[in-house]
Amino acid sequence: MNPDRIKLIAVPVVLAALAAAPLALGTGYWLGLATTTLMFACLAQAWNLLGGYGGQFSYGHALFFGTGAYVTAVLQVRLGLDPWTGLIAGTIAGGAIGAFCGALSFRYGLKGSYFALVTLAFAEVFRILATSVPFTGGGAGILIPLKVSPANFQFADKAGFYYAMLILFAVSLIVTLAVERSRFGAYLVAVRENEAAAAALGIDIFRVKLGAITLSGALAALSGVFYAQFFLYLDPHIAYGSGVSVEALLAPIIGGIGTLFGPLIGAIVMRALGEVANVWTDGAPGLNLALFGLLLIIVLRFLPDGIVGLIGRLGRRHA
Amino acid sequence: MLEVANVSKRFGGLLAVDGASLKVAEGSIAGLIGPNGAGKTTLFSMIAGAVPPTAGEISFAGQRIDGLKSHEVCHRGIGRTFQITQPFAGLSVRENIAVGAHLHHRRRADALAAAAEVAKLVGMAGLLDRPAASLTVAGRKRLELARALATRPRLLLLDEVMAGLNPTEIGEIIGVIRGIRDSGVTVLLTEHVMQAVMSLCEHIHVLNQGRVIAAGAPSLLVTDPKVVEAYLGRAAAGRIEAGSRHAS
Amino acid sequence: RAQAGTIKVGVLHPVTGPLAYSGTQARAGALLAVEHINATGGIKALGGAKIEPVLADAQSKPEVGAAEIDKLNEAGVSLVLGPFASGIALATTQAAARYDLPHVVDVGVVDQIVSRGLTNTFRFGPGFGKITSTALENLVKINDAAGKPAKTVLIVHEDSAFGAGMAKLLNTELPARGFEVVDTISHATPTRDFTNIALKIKSANPDLVIPSNYLNEFILMARTLQQQRVRPKGIYAILGGAASNIKFANEHNEAAQYIMDCNHWYDPRKPVAQAFAKACAAKKIDLTYEAMLNYACMQVIGDALEHAASRDRKKVTEALAASKFDGHIMPYGPTLFVNGQNEGAQPVNTQILGKNIEVIFPDTFASAKAVYPIPRA
Amino acid sequence: MLLEVRDLEAGYGEVTVLRGLSMTVASGEIVAVLGANGVGKSTLNNTLSALIRPTGGQILFDGTDITAARPAQVVSAGLIQVPEGRRVFPDLSVRENLLLGSYRRGRARRDANVERICTVFPRLRERFGQAAGTLSGGEQQMLAIGRGLMAEPRLLILDEPSLGLSPLLVEEMFALIGAINAEGLSILLVEQNVAQTLEIAHRAYVLEQGRFVMAGPSAELADDPGLRRSYLGL
Amino acid sequence: MTASLLVPALVNGLTTGAIYALVALGLTLIYGVLHIINFAHGSLLMVALYGVYFLNTGLGIDPYLALPIAVPAFFILGYFLQRGVIEHTAHGRDQNILLVTLGLSIILDNLALYFWRSDTRTIDVPYGFDVIDIGVALIPVPRAVAFGAALGIAALLWFLIGRTDLGRAIRAVARERQGARLMGIDVEHIYGLCFGIGTATLAAAACLLLPSFYVTPQVGHAFVLVAFTTVVLGGMGSFTGALVGGLILGLVESAGGLILGESLGQIGIFIIFILVLLFRPTGLFGGKPA
Ligand SMILES: Nc1ncnc2c1ncn2[C@@H]1O[C@H](COP(=O)(O)OP(=O)(O)OP(=O)(O)O)[C@@H](O)[C@H]1O
Ligand SMILES: Nc1ncnc2c1ncn2[C@@H]1O[C@H](COP(=O)(O)OP(=O)(O)OP(=O)(O)O)[C@@H](O)[C@H]1O
Ligand SMILES: [Mg+2]
Ligand SMILES: [Mg+2]
């Protein structure tokens, strides 16, 4: 069977498995962990679209995450809009910021580390702005009132949040699959591999990159919107801090960059490493995180192409 | 079909192309030769829109194309290969060619099928699933050609696609290029392999230090002292003449 | 009833990440109290059951804090103490509410923590509003007592939740009390250099500087003020990270002299408090407000467990809500939770005098008299 | 023997490219290796230069076993390769590229060597301060050869040196190879330009499917009908 | 705003900028020349600060006198980090290098937290509060020393990279490894040396910084971002650039803080950064873009 076919079957299977997961996870810690894992997987999926398929590494995906989160929160708190409208508005805002930041950087031909750093700088600018303007609540942050009701994107039990997040993640996964199978996807990969050659084959590099960053921004905003609704509190550091940007790129690299399931697998593996590190060090503060860092390096040492790369290699050996 | 008029390109203090003019007739195979560093690749890059000319005009099929971007030039129907090959290294040969084929095929499956067709044309059918990164120099040159062909160009710019091939392989690729011309594509090529240039080209331009110093039929140029001195050298000129006398 | 064994209490703080210092101090304070309670017979109403602290680390991130609540819930804790920072507290109290898990908040000063109607949430320390109003009242009193040397004020604050909120309040309140705010300078955490701020203060030449920031920045600021020869009549910190930190007082004695702070602090006259201070010294725990508040919170928890005489969360919640405990080390009087906020809670004023941090206000338990304005040789 | 290769095997991962090669280069010789595209000529060169670790066999250089040596040691011993595709340092100037040629060897006469190379390739002197990455293809080829010569090699491996050079320069290139050989330098020459190569080489090997299928003095090979058919297109 | 405020603020900006330059010098070498994005830079600075701190509190060695101890020690540390850890884990892939250095920084930060606790530590040197009065401003002595040192170190690195064989080899390796190997350049060794030198400059920065700063396990983060900014602003791999870039950032931050307020003033750094990237992506002193 060719790989394209396998993926078409694998996507519904994986989503079904994720939908069934709460049966095994119970309603407590593990379900909560699974929910945040999906949230970061969605963010990672967004990063992967731009970084993995398009080769444009961003160090500032917090920019989109934070924008999605702030837009819903502000609309809800200041204008009294409902969170579902906020979800759409946040996603659009994420895409718009992506387009804006992309238009500026790609228009001027920024590539590689230069692009990476400009995204980081944009995220910082937004962090400082969010600290300094009044309608975001400034440094004191913004608090979404607690009002449990599904119409209000606040679920009484954890499973509600889990399924809400699963739907958002499914969107990001299916968008990625669609991109992979489209002309746009082929162009995106070509731009990643060699811009000069891509241009000579009729590809408008600027437009392809712009499309990718817009889409990526919108998807990343999805996870930000979810964060806001799940935790109900935001401050500039939570939304635009560099920690979020690091999370966004860590998972795809561990999982397998430029692959469909890499971000999900990477996000799961990272949480798993974190848990292992906790257990082995008995939660000794600092030591557990240090061990997590060490495990990260060890994974890289033995899996240079990420976990999906390993699976691919094993698959080839069996074939 | 293609008309280059008084085009110049300056890199800092260096005038790489200096008021060059040339014309390529529709349906022909034209050659551009000249010593290393004469500006041939630079001229190609300007035609293909990769580098903007400092001065001069370029028109294609009656329309100005200087000032257009690479991809716009490609959409007008000009394909090019790179002297220093530029494969999409992480992709397979099939996927490489499919990128070109997408210009006329929106659907992925169609593009992949078209890629297989083109590969057959350039003799890469057996290599379709090889990663481009593992191709040898010769393989990469063919891939360049295949990718450009897949965009179905009306004019094809070939920058030293034969360098690094042995005489037998050169013979094969000459056949391929003739086939391309016969299918209605105009070809402009630069090459240092005289055997190929002589047998393929109907009309040749000689570039030296950025200027066109001679133009005409191949047989005439071999005896042009300016060309011999700047480019061919006496020994090669002698060999070519001997060769053509031998053949006729 | 032989109900021996243990009672699990979640102790949740940010012991890694940017807030690690405060989190570690807080944890140390809580554990010290557990040790004392257990050493003195545990929870007698439960047959001398020992308190078993279940440690959790919020890693200075709200989402991790919330996940840790899940874990603590599964570990079967009867209640949770923590988590030092406001941003984290908002997430953890909400997560705990899902399990009807009582949550005693130690520090988090943002008032929304207790104004959201979560019945499981009890904040032992004072909130924002209380701290500021007390700070202002005391400021007026100290200033009046010294013959009103200060008329102009300059505010320096860090720009996240607590500093920014503080500054906003001060800006509306100070003019009402006869002070003129000549400038308000906000800065990021971390800030690498305070020279500009020092220069601004020098040029604005206020009588009084009111800083509100974290430990590292406070240290840098105090040192830079000294370096740049900036000499206001007084430095009156509100929740100033270092002004109530004994290490700062020792290591930068010259720069630290006469700095006043309005902060959480214990009542040094109480014997329990003195015992606590001694225990801290023995264990080499820095004597800071994080440790004090958490020690006191755990004392309150111990008392509530006695009254609940049960591990059941509902009973514990009820006991906390009804708590009238008086035996803790803080200067609050009997505990009284109204809508989750301990009404008696209030900050006190301290001043670094020589090598010591002395309580200078309120008079009822002051250990020294305020030296203000700063004497100039 | 300056270079002696016995039963050499090498490849990439699971793919074996060289399947047991044996060859020699004597002092002062020009030895050519001929073969179609992709048979492994460059693989052979890179194995000799220790960029690829052989999976079997032995390489002796001037009597010492260098099979397991590191690239730097091979260079120190005087075995220098001018690689296919030039591999000049794109950000460095022409002059700096040349200077790095004598990173391990020939430092004492560095300035004199730069001078000598610029006399051979006057084009390089004209482009002395220009970044090598912006040179034309042919100019880069000259630079790569010049850089190789800066190391005062004892055995120079040239991988398709005429690639992309104008006929005039190809002519000069072969003359140059002859000239430096006349000064006593041994040369291993990999070329597609079979006719001219056989004119100047003393001996030649023909590589097919990972093995040498023919070897002998150039003159003999040039007359071999099989070789003429498959490599000279005659 | 009066000149009496502006002038000392600008002078202060220059001295702060020199510190940024100091931290950025090592980064520009590793990042600009070898194209390794070293996320562990801040953490290594933190380790260096602890090192100097313990030399001072444990053995009573003045931070300035610690230079000849700390600099070689950190050179060796950097060399072995590259040869022993990064080289083996990165497999030559850029994204892996990024992760390895990220992993290293997580490890270092948290081991520091575990072993040295999260306390803020400072040292007291006799000249800590001494100032040079230049009339318009007071310059603290430690700042003046750091300023001079930044100039000196930048010059030294500039000479090393631009004028020596080692420097040429480093630049050669950056873009053409295979070619470098064929010239007998030991690529892995050069990477090690380069990382070592970059780390050694951090040790120097630590010695110069400690008299007027503090150490915590988190301290590196305060400098990383601004160091990256400095590198890009100056042009990757350019030491003059790092120096001038650092000074400019110091000035911008100082002036921005004065005009917009300290908090919002930080935005100036990033806006300058974005503008430079957009309009002169090679930085002020950079050559061709990579
Ligand atoms: N980006 C650039 N910057 C500076 N000089 C350049 C640049 N590109 C090309 N040149 C110079 O322009 C001249 C012409 O180069 P070009 O590549 O067009 O030559 P060419 O005729 O294709 O030569 P060859 O036959 O060797 O490929 C050369 O001298 C080269 O050094
Ligand atoms: N890095 C690589 N990874 C995998 N396979 C490779 C690699 N490099 C070369 N090969 C394969 O090894 C074989 C020999 O390649 P090599 O480059 O040695 O040939 P060559 O004789 O030099 O060809 P050419 O005349 O085209 O330069 C080819 O089939 C090629 O595809
Ligand atoms: Mg060319
Ligand atoms: Mg080869």
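Every chain is numbered from 1 and lettered A, B, ... according to where its sequence line falls, protein lines coming before strand lines.
Contacts between D:E172 and chain B at a heavy-atom distance below 4.5 Å are absent for every atom of the residue. Contacts between D:E191 and chain B at a heavy-atom distance below 4.5 Å are absent for every atom of the residue. Contact annotation for B:A230: only backbone heavy atoms (N, CA, C, O) come within less than 4.5 Å of a heavy atom of chain D. When heavy atoms are compared at a cutoff of 4.5 Å, B:E229 approaches chain D solely by way of its backbone atoms N, CA, C and O.
Using a distance-only test at 3.5 Å, with no hydrogens or angles considered, no donor-acceptor pair links the side chain of B:N208 to the main chain of B:G34. Distance alone, capped at 3.5 Å, is enough to place a donor-acceptor pair between the B:E144 side chain and the B:F82 backbone.
For the set D:S42, D:G35, D:S136, the count of heavy-atom pairs under 4.5 angstrom toward chain B peaks at D:S136. Most heavy-atom pairs under 4.5 Å with chain D, from the set B:T41, B:T42, B:L165, B:I84: that is B:L165. Of the listed residues (D:Q140, D:Q130, D:Q196), the greatest number of heavy-atom pairs within a distance under 4.5 Å of chain B belongs to D:Q196.
D:E9 has no carboxylate O lying under 4.0 Å from a charged side-chain N of D:R19, or vice versa, which leaves the two without a salt bridge. Salt-bridge formation is not detected for the pair B:R147/B:E95: no Lys NZ or Arg NE/NH1/NH2 atom is positioned less than 4.0 Å from an Asp or Glu carboxylate oxygen.
Relative to the six-membered ring of B:F44, B:K40 misses at least one condition, a distance below 6.0 Å or an angle of at most 45° to the axis.
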Hey, mind stepping through D:S49 and D:Q81 against side chain to side chain donor-acceptor pair (under 3.5 Å) and telling me if it holds? CA-CA 7 Å; D:S49 290; D:Q81 185 190 165; 3.0 Å; yes

